[in-house]
Amino acid sequence: NAGVTQTPKFQVLKTGQSMTLQCAQDMNHNSMYWYRQDPGMGLRLIYYSASEGTTDKGEVPNGYNVSRLNKREFSLRLESAAPSQTSVYFCASSVGRYTEAFFGQGTRLTVV
Amino acid sequence: EDKVVQSPLSLVVHEGDTVTLNCSYEVTNFRSLLWYKQEKKAPTFLFMLTSSGIEKKSGRLSSILDKKELFSILNITATQTGDSAVYLCAATSGTYKYIFGTGTRLKVLA
């Protein structure tokens, strides 16, 4: 039972470098999400994909791009990393609106 | 602006105690309220509530939603050290966005 799988688990980047966080789910869910979690801020939505072929901005999209590659995979790209993007990133998926979302194990990203 | 507020921010109890965690929400077109437990890593799903006044129960954990007063509570009875975690609540609305509170950090002492 893999559920939602994220890679990598840890990453250190230098300011200005780029990277892509990968996420895949095997639950045949329609909707996928990227959140960041910072101390005292809770989980904040970066981007989401309601269904294959669609993506939309969340609460904090600046500095990020996403791709819904197929129904299973949803990637998050940082084009030019900044220290303010140091955070723990979670991918999640759900059957649709209003239903429970299931989370991946997270990626701890540090930008120096 | 949609928001979810949890209280208390943190709580320290002894094993065997009963705790009540609070979650209030102001969300346009509210649909459901979800509770998650977060230990070191990913939030894990506990409950989803959509109807007012109907208690959801799983072992020592239970939760209820009051749609008139716009809040939910999560009760944990006979707490154990394994219950130590951050408990998150989230509300869903007419969009695909889950609005999370900042969580309640529970520490259970042996």
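Order of the sequence lines sets the chain letters (A, B, ...), proteins ahead of strands, with each chain counted from 1. In this text, all values refer to a predicted model and were calculated from it rather than measured experimentally.
- Criterion: ILVMFWY side-chain heavy atoms under 4.5 Å apart, direct or through other members. Under it, B:F71 and B:L11 are not part of a common hydrophobic cluster.
- Taking B:L34, B:L33, B:V86 one by one and counting their heavy-atom pairs under 4.5 Å with chain A, the maximum is reached by B:L34.
- Both the backbone and the side chain of A:L43 come within contact range of chain B, with heavy atoms under 4.5 Å apart.
- Options A:G58, A:A50, A:G106, A:G40 differ in how many heavy-atom pairs under 4.5 Å they form with chain B, and the most are formed by A:A50.
- Taking hydrophobic clusters as Ile, Leu, Val, Met, Phe, Trp and Tyr residues chained together by side-chain heavy-atom distances below 4.5 Å, A:L21 does not share a cluster with A:L45.
- What you find for A:F90 and B:A42 is that their closest heavy atoms are CE2-CA, 3.7 Å.
- When hydrophobic clusters are built by joining Ile, Leu, Val, Met, Phe, Trp and Tyr residues whose side-chain heavy atoms come closer than 4.5 Å, directly or via intermediates, A:V88 is not grouped with A:L13.
- Only the side chain of B:L88 comes within less than 4.5 Å of a heavy atom in chain A; its backbone stays farther off.
- Hydrophobic clustering keeps B:L70 apart from B:I73 (ILVMFWY residues linked when any side-chain heavy atoms are closer than 4.5 Å, directly or through intermediates).
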Give each N or O donor-acceptor pair spanning chain B and chain A at a distance under 3.5 Å, with atom names and distance to 0.1 Å, or state none.
| unit_1 | atom_1 | unit_2 | atom_2 | d |
| --- | --- | --- | --- | --- |
| B:R31 | NE | A:Y98 | OH | 3.4 |
| B:S32 | OG | A:Y98 | O | 2.9 |
| B:Y36 | OH | A:A101 | N | 3.0 |
| B:Y36 | OH | A:A101 | O | 2.7 |
| B:Q38 | OE1 | A:Q37 | NE2 | 2.9 |
| B:Q38 | NE2 | A:Q37 | OE1 | 2.9 |
| B:G94 | O | A:R97 | NH1 | 2.7 |
| B:Y98 | OH | A:S94 | OG | 3.4 |
| B:Y98 | OH | A:T99 | O | 2.4 |

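- Interface remark: of the candidates B:A90, B:P43, B:G101, B:A91, B:P43 forms the most heavy-atom pairs closer than 4.5 Å to chain A.
- Residues A:L76 and A:L109 share a single hydrophobic cluster, defined by chaining ILVMFWY side chains whose heavy atoms lie under 4.5 Å apart.
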